[in-house]
Amino acid sequence: DFILIINFNRINFLFKIILLFSYLLLRVLYILSDIIFFLMYNLVGYRKKVVTENLKNSFPKKSESEIDKIRTSFYRNFSDYIVETFKSFTISSKELRVRVQHINQDVFHDAKSENKNVILLTGHVFNWEWFNALATIIPQENCFPVYRKVQNSFWEEKIKGIRNRFGNTALEAKEVIRHILRNPNHGNSVYMFVADQSPHVSEVSFGLNFLNQKTPAFIGYDKLSTRMDLAFVFCEMKKVKRGYYQINYYRIYPDGEKFVEYEVVKKFHKLLENTINKRPDNYLWSHRRWKYQHAVKVMDTEN
């Protein structure tokens, strides 16, 4: 118990430091980002082997110098993401509306008029954490960011705190499907999925060709597409310049009258792949996205 108390005090102290940093202006935090980049890239080499392997496998036709350029830019963007996440604890909705431009908001008004709840699908493209203020500008009353449970209960609470800002109600990934099925499909709710998560090895079933690799796919939302008449929307993140982002929203429609099994999963990954190809340094390459390739039971062969 004594050791747990010491560890808690250390974590709490660290969070207080992060919170203090979050009150700084972003132009000051970007100086910290430059320092983090130097330490992470040049001294520590944080997951550099994983990043390099992911890039080479995803872009087999690119030269060593091209891979090196993408890798360097990725670490700069990743460092910006870290300090922008610090800022997420205290940034105002007003500042986020300036820094994040939401394009084609008509998809939300259309879904509401059709009495269809919205399933937002995005990937780990920087900076997905700055979606939160979306709840303040769309016509839907309920906005539910979906997150994965963190093992440390202290950080679990703090991350939920970020996601719950601006009127959001964060839902843990294992709860969200049940929540959607049990609540009315009335066009007044939006569910925000970071949908390129790598499923746990015990949950891997379906895979597809994504970024030139056999890729296990999270398919929870696919079950919804075949059981409910929902509006599926892809979020294309674009980094305009440091500290400024643009999100384009695109409605995903079925080829037929309704979605068939895995159709929305394949369309999402195709759209995400196109986004990554436009600006590969903006994707989270340090994630071990392909570690459970061997566990795929059903593989899409269309592509």
### Task
Assign the ring pair Phe74 / Phe78 to parallel, tilted or perpendicular, where the plane angle (0 to 90°) is split at 30° and 60°.
parallel
### Task
Kindly say whether the aromatic ring centers of Phe259 and Phe232 come within a distance under 6.0 Å.
yes
### Query
Is Asp281 salt-bridged to Arg279, cutoff N-O under 4.0 Å?
yes
### Task
Using ring-ring contact (aromatic ring centres under 6.0 Å, His included) as the criterion, list what pairs up with Tyr41, not counting sequence neighbours.
Phe37, Tyr75
### Query
Can you tell me how far CG of Leu121 sits from CZ of Phe218, rounded to the nearest 0.5 angstrom?
9.5 Å
### Message
Assess the residue pair Tyr283 and Asp196 against the criterion (side chain to side chain donor-acceptor pair (under 3.5 Å)); give the C-alpha distance rounded to whole Å, side-chain angles, the decisive distance to 0.1 Å, and a yes or no.
### Response
CA-CA 11 Å; Tyr283 191 59; Asp196 62 336; 2.5 Å; yes
### Lys241 to Tyr244 six-membered ring, cation-pi geometry met (6.0 Å, 45°)
yes
#### Entry: Under the side-chain hydrogen bond (donor to acceptor under 3.5 Å, both in side chains) test, residues paired with Ser198 that sit two or more places apart
none
### Query
Does a sphere of radius 6.0 Å around CZ in Phe166 hold more than 12 heavy atoms from other residues, nucleotides or ligands, not counting ones at 6.0 Å or beyond?
yes
### Message
Can you tell whether the side chains of Lys258 and Asp229 come within less than 4.0 Å, N to carboxylate O?
### Response
no
#### Entry: Residues Lys223, Glu261: salt bridge by 4.0 Å N-O rule
no
### Query
Is a donor on one side and an acceptor on the other found under 3.5 Å between the side chain of Thr275 and the backbone of Leu271?
yes
### Summary
Residue set satisfying ring-ring contact (aromatic ring centres under 6.0 Å, His included) with Tyr292, at least two apart, ordered chain then number -> none
### Summary
The salt bridge (Lys or Arg N to Asp or Glu O under 4.0 Å) partners of Arg227 (sequence neighbours excluded) come to none
### Message
Under a plain distance cut-off of 3.5 Å, with no hydrogens placed, do Asn142 and Gln140 share a side-chain donor-acceptor pair?
### Response
no
### Query
What pair of heavy atoms forms the shortest contact from Gly123 to Val194, and how long is it?
C-CG1, 4.0 Å
### Query
Quick check: does any side chain N or O of Asn168 sit under 3.5 Å from a backbone N or O of Asn132, one acting as donor and the other as acceptor?
yes
### Message
Could you work out, with ring-ring contact (aromatic ring centres under 6.0 Å, His included) as the rule, every residue matching Trp128, not counting sequence neighbours?
### Response
Tyr81, His124, Phe126
### Query
How would you list, by chain and number, every residue that makes a side-chain hydrogen bond (donor to acceptor under 3.5 Å, both in side chains) with Arg76, sequence neighbours excluded?
none
### Message
Any donor-acceptor pair under 3.5 Å linking the side-chain atoms of Thr136 with those of Arg97?
### Response
yes
### Query
Taking only residues two or more places apart in sequence, or in another chain, which ones meet Arg71 in a salt bridge (Lys or Arg N to Asp or Glu O under 4.0 Å)?
Asp68
### Message
Less than 4.5 Å apart, side chain to side chain, heavy atoms only: is that true for Val118 and Leu230?
### Response
no
### Least distance between heavy atoms, Asn212 atom then Ser58 atom
ND2-O, 2.7 Å
### Query
Partners of Glu172 by side-chain hydrogen bond (donor to acceptor under 3.5 Å, both in side chains), sequence neighbours excluded?
none
### Message
Tell me whether Asp255 is salt-bridged to Lys267, with the criterion being a basic N under 4.0 Å from an acidic carboxylate O.
### Response
yes
### Query
Do the non-hydrogen side-chain atoms of Ile18 and Phe89 ever get within less than 4.5 Å of each other?
yes
### Query
What pair of heavy atoms forms the shortest contact from Gly243 to Trp130, and how long is it?
O-CZ3, 3.7 Å
### Task
Kindly write out the residues that satisfy salt bridge (Lys or Arg N to Asp or Glu O under 4.0 Å) with Lys49, not counting sequence neighbours, or none if the list is empty.
none
### Query
Is there a salt bridge (Lys or Arg N to Asp or Glu O under 4.0 Å) between Glu84 and Lys239 once you walk through the steps?
CA-CA 13 Å; Glu84 287 170 0; Lys239 188 171 186 175; 5.1 Å; no
### Query
Under the 3.5 angstrom rule, does the side chain of Asn54 hit a backbone N or O of His287 as a donor-acceptor pair?
yes
### Task
Indicate the ring-plane relationship of Phe210 and His269, choosing parallel, tilted or perpendicular according to the 30° and 60° boundaries.
perpendicular
### Task
Examine the side chains of Asn282 and Asn77 and answer whether a donor and an acceptor come within less than 3.5 Å of each other.
yes
#### Entry: Lys297 (side chain) donor-acceptor with Val204 (main chain) under 3.5 angstrom
yes
### Message
Within this structure, what is the CD1-CD1 distance for the pair Ile247 and Ile103, rounded to the nearest 0.5 Å?
### Response
9.5 Å
### Query
Quick one: are the ring centres of Phe108 and Tyr249 less than 6.0 Å apart?
yes
### Query
Considering only heavy atoms from C-beta outward, does the side chain of Val28 approach that of Leu32 to under 4.5 Å?
no
### Query
Do Lys56 and Glu53 come close enough that some side-chain heavy atom pair is under 4.5 Å?
no
### Heavy atoms from other residues, nucleotides or ligands near NZ of Lys94 exceed 12 (cutoff 6.0 Å)
no
### Task
Please work out whether the ring planes of Phe234 and Tyr250 are parallel, tilted or perpendicular, with thresholds of 30° and 60°.
parallel
### Message
Tell me the closest heavy-atom pair linking Gln293 and Gln213, and the distance in Å.
### Response
NE2-CB, 3.9 Å
## Note on the structure
By ring-ring contact (aromatic ring centres under 6.0 Å, His included), Tyr30 pairs with (sequence neighbours left out) none
### Query
With no hydrogens and no angle check, is any side-chain donor or acceptor of Lys112 less than 3.5 Å from a backbone partner on Ser189?
no
### Side-chain (Arg242) to main-chain (Asp80) donor-acceptor, under 3.5 angstrom
no
### Task
With sequence neighbours left out, write down each residue that passes side-chain hydrogen bond (donor to acceptor under 3.5 Å, both in side chains) with Tyr191, or none if nothing qualifies.
His179
### Task
Would you list the pairs meeting salt bridge (Lys or Arg N to Asp or Glu O under 4.0 Å) in which at least one residue belongs to residues 118-145, sequence neighbours left out?
Glu129-Arg163
### Message
Can you tell me which residue among Leu211, Ile70, Val50 is in a side chain to side chain contact (heavy atoms under 4.5 Å, CB included) with Leu55?
### Response
Ile70
### Ser22 versus Thr90, side-chain donor and acceptor atoms under 3.5 Å
yes
#### Entry: Point-to-point distance, once rounded to the nearest 0.5 Å, from CZ of Arg27 to OG of Ser33
16.0 Å
### Task
To the nearest 0.5 angstrom, please state how far the CG atom of Leu134 sits from the OG atom of Ser93.
12.0 Å
### Task
Taking all heavy atoms of Leu26 and all of Glu95, pick out the closest pair and write down the distance.
CD1-OE2, 3.9 Å
### Message
Looking at every heavy atom in both Ile162 and Ser88, which two are closest together, and how far apart are they?
### Response
CG2-CB, 3.8 Å
### Message
Run the side chain to side chain donor-acceptor pair (under 3.5 Å) test on Asn248 and Lys238 for me, step by step, so that the C-alpha distance in whole Å, both residues' side-chain angles and the decisive distance to 0.1 Å come before the verdict.
### Response
CA-CA 8 Å; Asn248 280 275; Lys238 176 183 177 182; over 6 Å; no
### Message
We want to know whether Asn185 and Lys116 form a side-chain donor-acceptor pair, criterion being a heavy-atom distance below 3.5 angstrom.
### Response
no
### Query
CZ of Phe86 to CG of Leu24: how many Å apart, nearest 0.5 Å?
11.0 Å
